[in-house]
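Worksheet for the structure shown next.
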Number of protein chains: 2
Amino acid sequence: MPRGNGQGPVWWHGRFKGCGYRITVGREVILDVLTKADRHLSAEDIYMKVHAAYPAIGLTTIYRTLEILVNMGLVFKFDFGDGRARYELAEGSNRSTHHHHLICTNCKRVVDYTDFIDDEIELLHKTEKGLSDKYNFTITNHLIQFYGLCDKCKKRK
Amino acid sequence: MPRGNGQGPVWWHGRFKGCGYRITVGREVILDVLTKADRHLSAEDIYMKVHAAYPAIGLTTIYRTLEILVNMGLVFKFDFGDGRARYELAEGSNRSTHHHHLICTNCKRVVDYTDFIDDEIELLHKTEKGLSDKYNFTITNHLIQFYGLCDKCKKRK
DNA sequence: GCTATAAATGGAAATGATTTTCATTAACAG
DNA sequence: CTGTTAATGAAAATCATTTCCATTTATAGC
Ligand SMILES: [Mn+2]
Ligand SMILES: [Mn+2]
Ligand SMILES: [Zn+2]
Ligand SMILES: [Zn+2]
């Protein structure tokens, strides 16, 4: 049921149809959950939220939909090292601004950060350009994660 | 049996004992395989190489040893998205110079690169410093991966 | 070198996230 | 409205990694 607001079809409908995919209730609800997410969700997390409103939708559908979304580039899939993948919308929510991660190796807490140092983005582009040329690689995306000890874990040691 | 060359105990023996770990044949062989590796090895890859010379050593030991090595920071554990972890020595081989990765999202090929743009390292340090201060995070490591289409996969499309 | 003790090990079984299978349902072009 | 085919759910299968536990081994102290 979540149709955004009232202005007709939601933003991703076009892209979905363009790829030959059908619009289903399951997919709408999953996108809706991802849009409203306020943290990095696992497939199971998403399943539980979806299940609360639509108990008929199974976990398999969650996995299948996420795979499509990741392949279409609408969703990012991350590995934070705890054995389950995490998903995050790539566009369309405030969560989806491009950002990097700070991961606590002790408690696995993950901090998003978007406040890049001014030069950071520029250098990133320069680096991508250099690599792209040198290795004849078409770079479409990047993953940058810093590991260490968070605030709280530092105190406990 | 691989004892490096002849100059007494191998470089990592001290660190192992320092952490209260015992030096065992299994651990020696695993480190030896990692030292000689010419690519990113999975636990199973390592097991097969180890098994060729020492059939008595089990896969469980490989996993257990790798976990210790990763925790000690002697080995890096990576996720390249194919469902199995990859391991790479952090010091002691030519493979172990700090480097970043270029990953083909189509064929999963992984290119190591160490030829950082001059500014890259400096900016990385600046960024780490900034994040460290702002989030009160002690940064010990980073992971940088660029995703895209490799040379060969580009041609096929 | 010999011994006692706790760490390390191997193999089998368990785990748990993700994928596959297959019979059924639903989206949507015409 | 209907036929075609994609999408789905439930259950079973996969498969990398972990856990269990009885046995072996490294090594500190004699
Ligand atoms: Mn994030
Ligand atoms: Mn590498
Ligand atoms: Zn922490
Ligand atoms: Zn490729």
Side-chain angles (χ1 to χ4, degrees), chain A residues 1 3 8-10 12-31 40-48 50-72 75 77-87 108, chain B residues 1 3 9-10 12-31 33 40-48 50-72 75 77-87 108:
Chain A
M1 277 192 195
R3 288 265 163 186
V10 210
W12 51 270
H13 282 195
R15 293 197 40 190
F16 246 66
K17 294 208 174 163
C19 292
Y21 294 120
R22 295 177 178 177
I23 310 294
T24 68
V25 177
R27 289 169 180 181
E28 302 232 57
V29 185
I30 291 168
L31 260 301
H40 304 93
L41 300 175
S42 66
E44 182 99 33
D45 289 336
I46 296 169
Y47 171 68
M48 288 189 297
V50 166
H51 192 262
Y54 294 80
I57 296 171
L59 182 55
T60 309
T61 294
I62 309 290
Y63 276 108
R64 275 188 293 230
T65 303
L66 286 171
E67 189 184 10
I68 289 174
L69 292 170
V70 169
N71 285 338
M72 288 178 67
V75 162
K77 180 179 183 180
F78 292 103
D79 166 48
F80 293 141
D82 68 342
R84 60 183 59 187
R86 304 287 166 157
Y87 301 86
K108 313 293 182 193
Chain B
M1 270 186 201
R3 288 264 163 188
V10 211
W12 51 271
H13 282 194
R15 294 201 34 193
F16 246 66
K17 294 209 173 162
C19 292
Y21 294 121
R22 296 179 176 176
I23 310 294
T24 69
V25 178
R27 288 169 180 180
E28 302 232 54
V29 185
I30 292 168
L31 260 301
V33 165
H40 306 93
L41 300 175
S42 66
E44 182 99 32
D45 290 336
I46 296 169
Y47 171 67
M48 287 188 298
V50 165
H51 192 262
Y54 294 80
I57 296 170
L59 182 56
T60 309
T61 294
I62 309 290
Y63 276 108
R64 274 188 295 229
T65 303
L66 286 171
E67 189 184 9
I68 289 173
L69 291 170
V70 169
N71 285 337
M72 288 177 68
V75 161
K77 181 179 183 179
F78 292 103
D79 165 49
F80 292 142
D82 68 343
R84 59 184 60 188
R86 304 286 167 157
Y87 301 85
K108 312 293 182 191

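So that the names make sense, note that chain A is the first sequence line, chain B the second, and so on, each numbered from 1. As the structure is a prediction and not an experimental result, all values here were calculated from the model.
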> Do you know which two heavy atoms are closest between A:G81 and A:K108, and how far apart they sit?
Replying inline: O-NZ, 4.3 Å
> Of all heavy-atom pairs between A:S42 and A:R84, which one has the smallest distance, and what is that distance?
Replying inline: CB-CD, 3.8 Å
>> Rounded to whole Å, please give me the gap between CD1 in A:I62 and P in C:dT18.
In response: 12 Å
> Between A:F80 and A:H40, what is the ring plane arrangement, given parallel below 30°, perpendicular above 60°, and tilted in between?
Replying inline: perpendicular
>> If we check side chain to side chain contact (heavy atoms under 4.5 Å, CB included) with A:Y87, which of these qualifies: A:I30, A:L66, A:D45?
In response: A:L66
> So which heavy atom on B:Y47 is nearest to which on B:G58, and how close?
Replying inline: CE1-C, 3.7 Å
> Given atom CZ of B:F16 and atom C1' of C:dA7, what is their separation to the nearest angstrom?
Replying inline: 13 Å
>> So if I define the base as every atom that isn't primed, P, OP1 or OP2, how would nucleotides 23-30 of chain D read as a B/S/- string at a heavy-atom cutoff under 4.0 Å?
In response: --BBS---
>> If I take atom OH from residue A:Y21 and atom OG1 from residue A:T65, how far apart are they, to the nearest 0.5 angstrom?
In response: 10.0 Å
> Within this structure, what is the NE2-to-C1' distance between A:H51 and D:dT8, rounded to whole angstrom?
Replying inline: 14 Å
>> Looking only at the side chains, is there a donor atom on one of B:H13 and B:E28 sitting less than 3.5 Å from an acceptor on the other?
In response: yes
>> Walk along nucleotides 12-21 of chain D from 5' to 3' and tag each nucleotide B, S or - by protein heavy-atom contact under 4.0 Å, base first, then sugar-phosphate.
In response: ----SSBBB-
> Roughly, in whole Å, what's the span from CD1 in A:I57 to C1' in C:dT25?
Replying inline: 13 Å
> Is there a donor-acceptor pair closer than 3.5 Å between any side-chain N or O of B:R27 and the backbone N or O of B:R22?
Replying inline: yes
>> Using whole Å, what does the distance between atom C1' of nucleotide C:dA8 and atom CG of B:L66 come to?
In response: 15 Å
